[in-house]
Structures are given as structure tokens and as C-alpha cells.
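Have a look at the structure below before the remarks.
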2 protein chains.
Amino acid sequence: MSSEANSSSSEKILVAATRIAQAHGYAGLNLRALAEQVGIKAASLYHHFPSKADLAAAVARRYAADSAATLELLTAETDQPAMALARYPETFRRSLENGNRICLCSFMTAEYDDLPSEVQVQVQAFAEVNLAWLSGVLQEAGMKKKSAELRAQAIFAAVSGAQLMARGRQDIKLFDSLIESYRVAGLFSPDN
Amino acid sequence: MSSEANSSSSEKILVAATRIAQAHGYAGLNLRALAEQVGIKAASLYHHFPSKADLAAAVARRYAADSAATLELLTAETDQPAMALARYPETFRRSLENGNRICLCSFMTAEYDDLPSEVQVQVQAFAEVNLAWLSGVLQEAGMKKKSAELRAQAIFAAVSGAQLMARGRQDIKLFDSLIESYRVAGLFSPDN
DNA sequence: ACCTGAACACCGTTCAAGT
DNA sequence: ACCTGAACACCGTTCAAGT
């Protein structure tokens with residue numbers, strides 16, 4: 001999934017920073033704690049990334065790219081758009097499974113105003129990736145372009161909200177229950 | 001709406017802290033900046049609140065109480081449950097109108113794991129207030145208790161997600177558009 | 001009762017110094 | 001090329017000292 005496969009220091013920093021940011025956000029990303037996880041001192045981080053802002057931007061950029069790859073894979077695995085749509089929430093569920101973490105970009109959307117601009121750009125890019133994929137699938141399922149785009153935004157916002165709420169309660173079953181309620185209400189049905 | 005009407009120092013601290021926390025979260029609530037807004041030094045804050053955790057808990061407690069009052073007022077103003085339901089998103093829209101702020105508790109839900117427990121309790125209380133109100137209105141509209149509770153959770157999560165996304169884009173029209181999409185999809189319709 | 005300056009251990013960041 | 005200790009201005013917090 002990730003662009004780099006070897007385990008260089010920069011790579012280890014990126015991986016550890018992603019996990020911390022998913023759990024604690026940009027403000028909660030502590031460089032001294034991050035350095036300790038990687039086995040170096042905080043000052044050494046600056047040899048790999050010029051600043052916390054650049055590091056976080058690199059983390060978010062990869063996160064968006066990995067999400068795009070995951071969604072493409074989902075499209076390839078499913079032959080019917082309705083099936084792809086139904087499985088979309090899985091991508092958000094996985095963060096919850098993985099240590100009650102949330103989508104990096106959901107957390108950073110809350111922090112948006114305090115984010116360095118290079119990080120903001122990547123958070124927007126993540127949203128674009130998701131909206132484009134959802135809109136495409138909805139159009140394959142028969143929706144007109146404009147309606148599909150509006151519905152894509154609604155699904156993205158709703159699933160993000162479900163993930164946030166489930167993580168607050170530390171209850172992954174709540175996430176499943178919320179997605180099911182959305183389904184019952186008709187949010188994933190293109191035909192209305 | 002608020003419990004206190006006079007403008008004591010404690011009151012001014014509480015009001016200023018609420019505004020800062022809505023924009024920057026618990027981690028972004030800077031005590032030196034807060035003190036400056038109120039016109040005192042950071043050390044003086046400790047004469048009014050024993051710690052940042054206690055201050056934030058007081059802020060969240062009042063926020064939950066004010067929300068409960070707002071929702072009761074909404075019930076009183078509307079005679080039909082469908083109308084009350086349709087106007088529910090207004091309570092979230094107002095934060096956006098007021099300086100692109102978001103619901104205090106949405107922000108704190110993202111930060112949940114890093115919150116002091118006394119603050120966590122109040123964030124949960126806010127959610128309970130909203131869920132109880134929504135569930136009550138949905139039951140008045142004819143839903144069975146269990147279905148109403150599930151749908152209440154779905155509406156709460158979806159509206160929270162919409163607010164978060166709109167604030168990230170700094171676009172209140174996006175919020176309106178998302179709520180409209182939810183309506184079109186059937187999320188606010190008890191009859192399904 | 002309320003306020004303050006100074007100090008504490010903590011943050012992100014820089015930089016001279018090491019290998 | 002990569003790492004480090006020490007220092008900087010910043011955080012939440014404490015406390016002795018003031019009114």
C-alpha cells in the first residue's frame with residue numbers, strides 16, 4: 001500500500017507519526033515521544049523532516065494516497081456499484097479496529113483552523129479522493145452527476161460522524177449500528 | 001440561557017474559554033491567551049478554577065445544559081414533531097454562523113482519549129441530551145422506541161459530521177446542502 | 001478574596017559539536 | 001549523512017508574596 005517498502009529511519013518516523021496522529025491529532029503529535037518510539041532524539045527528527053508541519057503534511061499525503069489505493073482495490077473487487085457502496089464504510093471501520101483510532105483526516109478536520117497550510121492541503125486532498133470515488137460509484141449506480149456529488153458529500157460526512165461518535169464511546173458495534181441506520185434510512189440507496 | 005447572568009471574573013473566564021474551545025479544542029485552549037482575553041494573568045485563573053481540566057469540565061457542563069434548554073425551547077415552539085426534527089440542525093448551524101466554530105463536544109469527541117475524565121463525562125452528557133431529545137421527538141412522530149433510539153444516533157452522528165465537514169471547508173452553505181441531502185435520502189423521515 | 005512574578009517540567013525548534 | 005546535548009521561547013502549574 002505504502003510508497004516505500006524498506007524500513008529506513010524516515011520510513012519508521014512516517015509510520016509511527018501516522019499512528020500517533022490518528023490517536024491524538026496534530027496538536028497531540030509529540031515530537032519527543034515520536035522520536036523515542038523510533039529510537040532517536042527529537043532533534044534528530046529534523047534531519048529527516050524540516051519541521052513538524054512538513055512531517056504531518058507527508059503523513060497526510062501518504063494517508064490520502066493509501067486511501068485512494070484502498071478504494072481502487074474495492075472497486076476492482078466488486079462488480080456491482082451497490083456492493084462497492086455498501087462496503088465503503090469498511091475503510092473507516094478498520095481504523096476503529098486498529099486501536100480505536102480514527103481517520104487521520106477526520107481528526108485533522110476538527111483541528112483544521114490550527115493546521116499549517118501544507119497540512120490543510122493534504123486533508124482536503126483526502127476528502128477529494130473519497131468524494132470522487134463515491135460520486136463515481138453513485139453515477140455507475142444510475143444517479144445523475146449533480147445528485148451523485150451531493151449524495152457523495154452526505155455519505156462522506158455521515159460516515160465520518162459515525163466513526164467519530166463510535167470512537168468516543170469506544171464501541172465499534174455502535175459504528176456498525178450507525179451504518180445500518182443510515183442504510184435503513186436510505187442514505188446508501190441511489191434511488192431516491 | 002446561561003446559569004449566571006452577572007459578569008464576574010469566573011463568568012468572563014467561562015465565556016471566553018467556551019469560545020476558544022469551540023475553535024481550538026481542549027488541546028488548543030491556551031491558558032495564557034485565555035487570561036489575556038479576560039484581563040488577568042494565567043496564574044490568576046487558578047483562583048477561579050483549580051485546573052485546566054476543571055475549567056474545561058465547567059465549560060462543557062454549561063454547554064450541555066444550554067443545549068438542553070435550546071432543545072426544550074425548540075419543542076415548545078413547534079407543535080408538530082416533524083417540524084421540530086427539521087429544525088434540529090439549526091442548533092449546529094449556529095456555531096458555524098458564529099465565527100466558523102463547531103460544537104464544543106464534536107471537537108472534544110475527536111480529542112476524547114486525551115481528555116481528563118471529568119471532561120469526558122460532560123461530553124457524554126451532551127450526547128445524551130441530544131439523543132434523548134431526538135429519540136423523544138421521533139417517538140412522538142410514530143416510531144417505536146428501539147427504532148427511534150437507533151435513528152436518533154444516526155441523526156446526531158450525521159449532523160455532527162456535516163458540521164465538521166462544513167467547518168473544514170469554511171462553507172456554511174455546504175452544511176445546508178448536506179442537511180438537505182440527508183433529508184432527500186430520508187434520514188429525517190420516521191416512516192421507513 | 002484576588003492578583004502577581006518567578007520558578008518548575010514540559011513543548012517545538014535551532015545550532016554547534018560530534019561520528 | 002546522521003545523531004546529540006544544550007539552549008531558546010513557549011506551555012500548564014505552583015507558590016510565596018503582595019493588596
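Because only heavy atoms are used, hydrogens play no part in the values below, and waters and symmetry mates are left out as well, while side chains stay in.
When rounded to the nearest whole Å, the span between CD1 of B/Ile13 and P of C/dA1 equals 16 Å. Taking atom CD of B/Glu36 as the reference point, atom P of C/dC3 lies 16 Å away to the nearest angstrom. C/dC10 atom C1' lies 17 Å from atom CG of A/Leu34, rounded to whole Å. When the C1' atom of C/dA9 is taken as reference, atom NZ of B/Lys52 falls 16 Å away, rounded to whole Å. For the pair B/Asn30 CG and D/dC11 P, the computed distance is 4 Å after rounding to whole Å. Distance, B/Leu45 CG to D/dG12 C1': 11 Å, rounded to whole Å. One can place NE2 of B/His24 at 12 Å from P of D/dC11, the figure rounded to the nearest angstrom. In this structure, B/Lys12 places its NZ atom 14 Å from C1' of C/dC3, rounding to the nearest Å.
Taking every heavy atom of both residues into account, A/Ala57 and A/Gln122 meet most closely at O-CG, 3.6 Å.
When heavy atoms are screened at a 4.0 angstrom cut-off, A/Leu29 is found touching the sugar-phosphate backbone but no base atom.
In this structure, A/His48 does not reach the D/dA1 phosphate: none of its side-chain N or O atoms is under 4.0 Å from OP1 or OP2. The phosphate of D/dT4 has neither OP1 nor OP2 within less than 4.0 Å of any side-chain N or O from A/His47. At the phosphate of C/dT4, neither OP1 nor OP2 sits under 4.0 Å from any side-chain N or O atom of B/Lys41. Of the side-chain N and O atoms in B/Ser8, none sit less than 4.0 angstrom from OP1 or OP2 of C/dC2. Residue A/Ser44 places no side-chain N or O under 4.0 Å from the OP1 or OP2 atom of D/dC2.
Atoms CD1 and CZ, on A/Ile13 and A/Phe49 in that order, are 5.5 Å from each other to the nearest 0.5 Å.
Residue order along DNA chain C, read from the 5' end via each residue's closest nucleotide, puts B/Ala43 first among B/Ala43 and A/Ala33.
For D/dA7, the paired nucleotide is C/dT13, the pair qualifying as Watson-Crick or G-U wobble because both relevant distances are below 3.5 Å. Of all nucleotides present, only D/dA1 satisfies the Watson-Crick or G-U wobble test against C/dT19, with each distance under 3.5 Å.
Taking the side chain of A/Arg32 as heavy atoms from C-beta on, and the options D/dA7, C/dT14, C/dC3, the nearest nucleotide is D/dA7. With distances taken from any side-chain atom of A/Leu31 to the nucleotides D/dC11, D/dT13, C/dT13, the minimum falls on C/dT13. For A/Ile40, counting side-chain heavy atoms from C-beta on, the closest listed nucleotide (D/dT4, C/dT4, C/dT13) is D/dT4.
B/Arg94 and B/Glu97 are not joined by a salt bridge, as no carboxylate oxygen comes within less than 4.0 angstrom of a charged side-chain nitrogen.
By the neighbour-count criterion of 12 heavy atoms within 6.0 Å, atom CD of B/Glu90 is densely surrounded, having more than that number from other residues, nucleotides or ligands.
Judged by distance alone, with hydrogens and angles left aside, the side-chain atoms of A/Gln22 form no donor-acceptor pair with the main-chain N or O of A/Cys103 at under 3.5 Å.
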